[in-house]
Amino acid sequence: MTEIKKIGILTSGGDCAGLNAVVMSVVNSASKLGWEVYGIHNGTDGLTEVPLSYELLTTRNFSDTPWPRLAGSYLGSLNKGVKLESQAEISKRFGEGVRALGLDAVVVVGGDGSMNIVSNYCKNAGVKMVGIPKTIDNDTPLTQYSVGFNSACQVCVEAIDALWKTARSHQRALILEVMGRDAGHLAMHSAIAGFADVCLVPEIPYTIDGIINKLKEVKESGRKHAVIVVSEGVHTENGEMVSNTKNLIGEKINGGIGEYLSSAINSKYSGFQTRVTKLGHVQRAGDPTAFDRALACAFGAKAVELLKEGKTDVMVALSGDEIKTYPLEEVVAEGTTMLNKDSVYVKAGVGMGMYVGEVK
Ligand code: F6P
C-alpha cells in the first residue's frame, strides 16, 4: 500500500451549502496525519488547465474564517455542460495535472454525474479516489442524503412560508417552481414541510383536472388561498418538456413548468388567481443547516479514514446512523436515484391531503 502524503480535494457539479464544511473536515483530519492537502480550483478545471490552478490548504484556511459556515464553494466548482473539449483530452490532462502535483489520492465532492466522470479520469490516471456525495437534488445513488439537500429544502420551505402569507392576503393560488433536475426529492420534501396543497414531481403523472379538483376542495373548505409546489423537471400534462433552452453541450435545461401550470389552470378554472415564483439558484445558496454541517464533517472525516486504511475508489454514503462505503463502479452503475412513488414522503403528502399526482 502506497503511503499517502499528499491529497487533492475538489468540488464538482452544481454548488450547494455544506461544501466548505466538507473541505474543512478533510483538511482537519488529513492535517492530523501530517498529509498535505491541495485544494483544486473550479472542479477538475484546476488540474486540466494551463497553468494548473490550486492552493495548499491548511487548517488556518478555515479555523477563523467564515467559510465553513457559508454556502458556495471556496474552491469553485464546475457544472457539466460548460466544457466543449473532448472527455478523452480532459482525462489525459487531468492525469498530467495529478502527476505534476504529485497527488497520491483525490477526494471528489460531487453528485452522480461527477462520480461518473471524475472516477473515470482517476481510473485513467491511476490515481486513488474517494467520493463524497453532495447535491441539492438528493439523487446521488446509495446514500440516504447528500450534503446540501437539507439546506436547499430549508430555502424552499422559507419560500413556501413567505408565499403562504401573500397568498392569504390576496386570496391567490401561488405556484413555486423548485429545482431538482429530473428527480422530485427536493420538491416533495419541501412541499411536505411547507404544508403545500399540491406537489408535482417528475416521477408521478398528474392531470390539470386533478390540480383543479384540489383547488376546489380548498375553496369548499372555506380557505381562500393555496400553495402549489412543482419540480422543474415536471413535463406538461401530455408529457412534453416545456423549456427549449439548451446548455453548451446541447442538453435541454429544465424550467418553465410553473408558467405552464398557471395558464393551464386558468384556462379551465377561474376560482383562484395564480402567480408563479421560480426560486432558481437561491436554493443552492442558503446557509448550511446543522444537519448538512454535521453530515459534511462526518463524510470528510470518513473519507480521510478510508484513505488512511487504503480503502479507495469508493463513495461514502449515509445509511441511518452509519456511514457506509460503496465501490464507485457500483455507484456509477446505479445511475440516478429518483423519488419512489411508494416512499414515505409521497405517502406523507397523500396523508396530508396534498394532491401529488395520480398515485393510485
Ligand atoms: O444539480 C443541481 C442543480 O441545481 C439542479 O437542481 C438544476 O437543474 C441544475 O443544477 C442547474 O444547473 P445550472 O447551475 O448549470 O443552471
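For ligands, and for the atoms within them, numbers begin at 1 and follow the listed sequence.
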### Summary
For Asn79, the ligand 1 atoms with a heavy-atom partner under 4.0 Å come out as 12 (O), 13 (P), 14 (O), 15 (O)
### Message
I'd like to know if the side chain of Ser31 pairs up with that of Thr59 as donor and acceptor (distance under 3.5 Å, no hydrogens or angles considered).
### Response
no
### Message
Within the 4.0 Å heavy-atom shell around Glu232, which atoms of ligand 1 are there?
### Response
5 (C), 6 (O), 7 (C), 8 (O)
### Query
Should the pair Arg99-Glu96 be classified as a salt bridge under the 4.0 Å nitrogen-to-oxygen rule?
no
### Query
Going by heavy atoms, is Ile136 under 4.0 Å from ligand 1?
yes
### Query
Any nitrogen or oxygen of Gly180, main chain or side chain, under 3.5 Å from a nitrogen or oxygen of ligand 1?
yes
### Query
Are any of the side-chain nitrogens in Glu305 or Lys302 under 4.0 Å away from the carboxylate oxygens of its partner?
yes
### Message
With respect to Asp137, determine whether any N or O atom, backbone or side chain, lies less than 3.5 Å from an N or O atom of ligand 1.
### Response
yes
### Rounded distance [0.5 Å steps], CZ in Arg293 versus CE in Met24
9.0 Å
## Note on the structure
Checking heavy atoms under 4.0 Å, the part of Gln283 that sits near ligand 1 is neither
### Query
By side-chain contact (heavy atoms from CB on, under 4.5 Å), which residues pair with Lys6, not counting sequence neighbours?
Glu36, Tyr38, Leu103, Asp104
